[in-house]
Amino acid sequence: MNLPTHLFVDGAFRASATGRRVTLINPATEEAFAEVASAEVADVQAAVESAQRAWEGGWRDLAPGKREAVLHAVARQLREHQEEIAQLERLQIGKPISDARDEAGLGARCFEYYAGAVTKFGGQTLPVARGGFDFTLRQPMGVVACIVPWNFPFPIACWKAAPALAAGNCVVLKPASLSPLTALKLGELACAAGLPPGVLQVLPGRGGAIGDALVTHPLVRKVSFTGSTDIGRRIMELAARDLKRVSLELGGKSPNIVFADADWQRAADTSPMSVFANTGQDCCARSRVFVERAIFEPFVERFVAATRKLVVGDPADDQTQLGPLVSAEQRASVEAFLADARGRGSRFVCGGGRPQPRGFYLEPTVLLDVGADDRCWREEIFGPVVAIVPFDDEAAMLRAVNASPYGLSGSLWTNNLSRALRVSRAVQSGVLSVNSHSSVHVEAPFGGFKQSGLGRDLGMAALEGFTELKNVYVAE
Ligand code: NAP
């Protein structure tokens, strides 16, 4: 397989200004397999300036129908290269290949959706009191920086780049240092599909080295970030200096609430993958399970049985459901949570160990007797660890659910319609699913309450976030 290992700027691959490179490690084998150019501040400067030239030089003013056609062409390229994209994702982060194929398809779907949206997203005419003619315009911002994490590298890159480009902006995309390959492939394929050079720049580089330069660059009008709450907070502080637009998709500690009246057997069978999918490295992971006491014991028994059936193994195998964690550091971080849980007397019903000597693997772990002050209950673990607690009273349970500083996602299981509506309103999260664990729909807004973020990705809401709203009044 041909690996994209250079920065992608102005429609071509190039070395970084200093020639600096970063080694990529396959998390399933612990072996180095590639060296990728790592951008420095001078590269940020060059990429932003050339993106600005591409914006002023035509992308900003391209007729919507032409933008639509280019984005459809990008989607076709992504579909044609779906397998290659999936294999790159598997190699760089150990994503199980069947998930990687689905996520490559999701990326293409983003381009299809926003290609179609270009000609359906506009302003309004307004009957202002003084008469005359008043209308609003949705205008592109200019250069936007999209900074993405390593857990869903390709789909998140697409769900930021596609609406940003559809709205008429140019994009500087910064992938995580652990996962640059699929973002670089996106840049290459988009250009091959007809996206003009400079409209989408891809700059792998260490966030600690180039993040500030990118966020504070005067030509960058908006920063769309997905990652940890700490870095999101820093970006917001930096952006505040120039009142830059920001959207932040951050951490989570999502609840999974199961009432006794629900089809709790189905909930128990499906809930393990709502927290263990992507080896728990998922901002929407349902890592706090609240189960009504009447069904607590049989629920836990069934949940654990389903967990034991999960296939942990080689990401290249079609049957694998859980691959390794992304890095040795990530596994060490999760193991520190487990050590804390042991120290505090939590019960390990299953998991807790390393299933095999090679690769950054960790068994899916189910904890009981976790206290409200324990790290495993309060903090985002970002690994295959779940805590299950019983509840007796709906109101007290909701207080515990909402005590988290996060509010990204969650699930609610009940067959009582009025309870479903009441609890859906009461849970403080940007996304919630009833009798399901689905969180992400290309067509629907995605984002968090409280410290899970600001602004929304996906759906038409993303186009609002990548445009400025202008009001024009014409006197009669
Ligand atoms: P992270 O450490 O915050 O990194 C995210 C991105 O920010 C990476 O590209 C990283 O680059 C970059 N970065 C690091 N320091 C920076 C700085 N000072 N300025 C600008 N950019 C900087 O997060 P992560 O560990 O990759 O991802 C895990 C986190 O993302 C979790 O908290 C998870 O919940 C969250 N997440 C949220 C969502 C959502 O939609 N809400 C989705 C997925 C993940 P380097 O890799 O080079 O450091």
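One-based numbering, in listed order, for ligands and for the atoms of each. On a predicted model such as this, the values are computed, not experimentally measured, just so you know.
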Give the contacting part of I231 toward ligand 1: side chain, backbone, both or neither, where contact means a heavy-atom distance below 4.0 Å. side chain
Quick one: which ligand 1 atoms are inside 4.0 Å of a heavy atom on T226? 5 (C), 36 (N), 37 (C), 38 (C), 39 (C), 40 (O), 42 (C), 43 (C), 44 (C)
Verify whether one side chain among D369 and S346 offers a donor that lies under 3.5 Å from an acceptor in the other. no
Are the charged groups of R234 and E237 less than 4.0 angstrom apart, N to O? no
Identify, with sequence neighbours excluded, every residue that meets side chain to side chain donor-acceptor pair (under 3.5 Å) alongside R354. E335
Hey, is ligand 1 close enough to G227 that some N/O pair sits below 3.5 Å? yes
A student checking ligand 1 against R206 at a 4.0 Å heavy-atom cut-off should list atoms 47 (O)
For ligand 1, which part of E380 has a heavy atom less than 4.0 Å away: the side chain, the backbone, both, or neither? side chain
Would I210 count as a contact of ligand 1 if the rule is a heavy atom under 4.0 Å away? no
Taking the six-membered ring for Trp, are F466 and W159 closer than 6.0 Å centroid to centroid? no
Using a strict 4.0 Å threshold on nitrogen-to-oxygen distance, state whether D318 and R101 make a salt bridge. yes
Side chains of L184 and L7, heavy atoms from C-beta outward: is any pair under 4.5 Å? no
Mark up the atoms of ligand 1 that fall under 4.0 Å of a heavy atom belonging to G205, in ascending order. 47 (O)
Does K160 come within less than 4.0 Å of D457, counting only side-chain N to carboxylate O? yes
Tell me whether the guanidinium CZ or amine NZ of R375 lies under 6.0 angstrom from the six-membered ring centre of F337 and within 45° of its axis. yes
Nearest-neighbour protein heavy atom for atom 41 (N) of ligand 1, which is reported as residue plus atom name and distance: L250 O, 2.7 Å
Starting from atom 3 (O) of ligand 1, what is the nearest protein heavy atom, named by residue and atom, and what distance separates them? S228 OG, 2.6 Å
Cation-pi geometry met for R14 and F8 (6.0 Å, 45°): no
Kindly confirm or rule out an N or O of S177 lying under 3.5 angstrom from an N or O of ligand 1. yes
One finds that the ligand 1 atoms under 4.0 Å from a non-hydrogen atom of P175 are 9 (O)
For ligand 1, is any non-hydrogen atom under 4.0 Å from D230's backbone (N, CA, C, O), its side chain (CB onward), both, or neither? neither
So for D457 against ligand 1, with non-hydrogen atoms under 4.0 Å, the contacting part is neither
Numbering as shown, the atoms of ligand 1 that approach P149 to under 4.0 Å (heavy-atom distance): 26 (O), 27 (O), 43 (C), 44 (C)
Nearest protein heavy-atom contact for atom 20 (C) of ligand 1: which residue, which atom, what distance? G211 CA, 3.4 Å
Protein heavy atoms near atom 32 (O) of ligand 1, is at least one of them under 4.0 angstrom away? yes
Residue A176 vicinity, atoms of ligand 1 by number, heavy atom under 4.0 Å: 8 (C), 9 (O), 46 (O)
Would you tell me which option among A285, S333, A39, G207 has the nearest heavy-atom contact to atom 45 (P) of ligand 1? G207
Within a distance under 4.0 Å of any heavy atom of G251, pick out the atoms of ligand 1 and give their elements. 32 (O), 34 (O)
Under a 4.5 Å cut-off applied to non-hydrogen side-chain atoms, are S254 and H437 in contact? no
Less than 4.0 Å is my threshold; does some heavy atom of I147 fall inside it relative to ligand 1? yes
Taking only residues two or more places apart in sequence or in another chain, which ones pass ring pair (Phe, Tyr, Trp, His ring centres under 6.0 Å) with F391? F259
Between D282 and ligand 1, which residue portion shows a heavy-atom distance shorter than 4.0 Å: side chain, backbone, both, or neither? neither
Backbone or side-chain N or O of D212 under 3.5 Å from ligand 1 N or O: no
Pair S404-K253, side-chain donor/acceptor within less than 3.5 Å: no
Counting heavy atoms only, which part of F152 comes closer than 4.0 Å to ligand 1: side chain, backbone, both or neither? neither
Given that the side chain starts at C-beta and the backbone is N, CA, C, O, which of these parts of C284 lies under 4.0 Å from ligand 1, counting heavy atoms, or is it both or neither? neither
For R90 and T320, which I'm curious about, is there any donor-acceptor pair between the side chains at under 3.5 Å? no
What protein heavy atom sits nearest atom 25 (O) of ligand 1, and how far off is it? W150 NE1, 3.1 Å
Is the shortest N/O to N/O distance between K174 and ligand 1 below 3.5 Å? yes
The single option from C376, S333, S287 that satisfies side-chain contact (heavy atoms from CB on, under 4.5 Å) with I381 is C376
With distance as the sole criterion, is a donor-acceptor pair present between the side chains of E35 and T23 under 3.5 Å? yes
Any donor-acceptor pair under 3.5 Å linking the side-chain atoms of T182 with those of E89? yes
Enumerated ligand 1 atoms positioned under 4.0 Å from heavy atoms of I156: 42 (C), 43 (C)
Of all protein heavy atoms, the one nearest atom 36 (N) of ligand 1 is C283 CB, 3.6 Å
May I ask you to test the S429-S452 pair for a side-chain heavy-atom distance under 4.5 Å? no
Run the salt-bridge test on K95 and E103 with the 4.0 Å N-O cut-off and return the result as yes or no. yes
Got the closest protein heavy atom to atom 6 (C) of ligand 1, with its distance? V148 O, 3.6 Å
How close does the nearest protein non-hydrogen atom get to atom 44 (C) of ligand 1, and which residue and atom is it? N151 ND2, 3.3 Å
min-distance protein heavy atom vs atom 28 (C) of ligand 1 -> F382 CE2, 3.4 Å
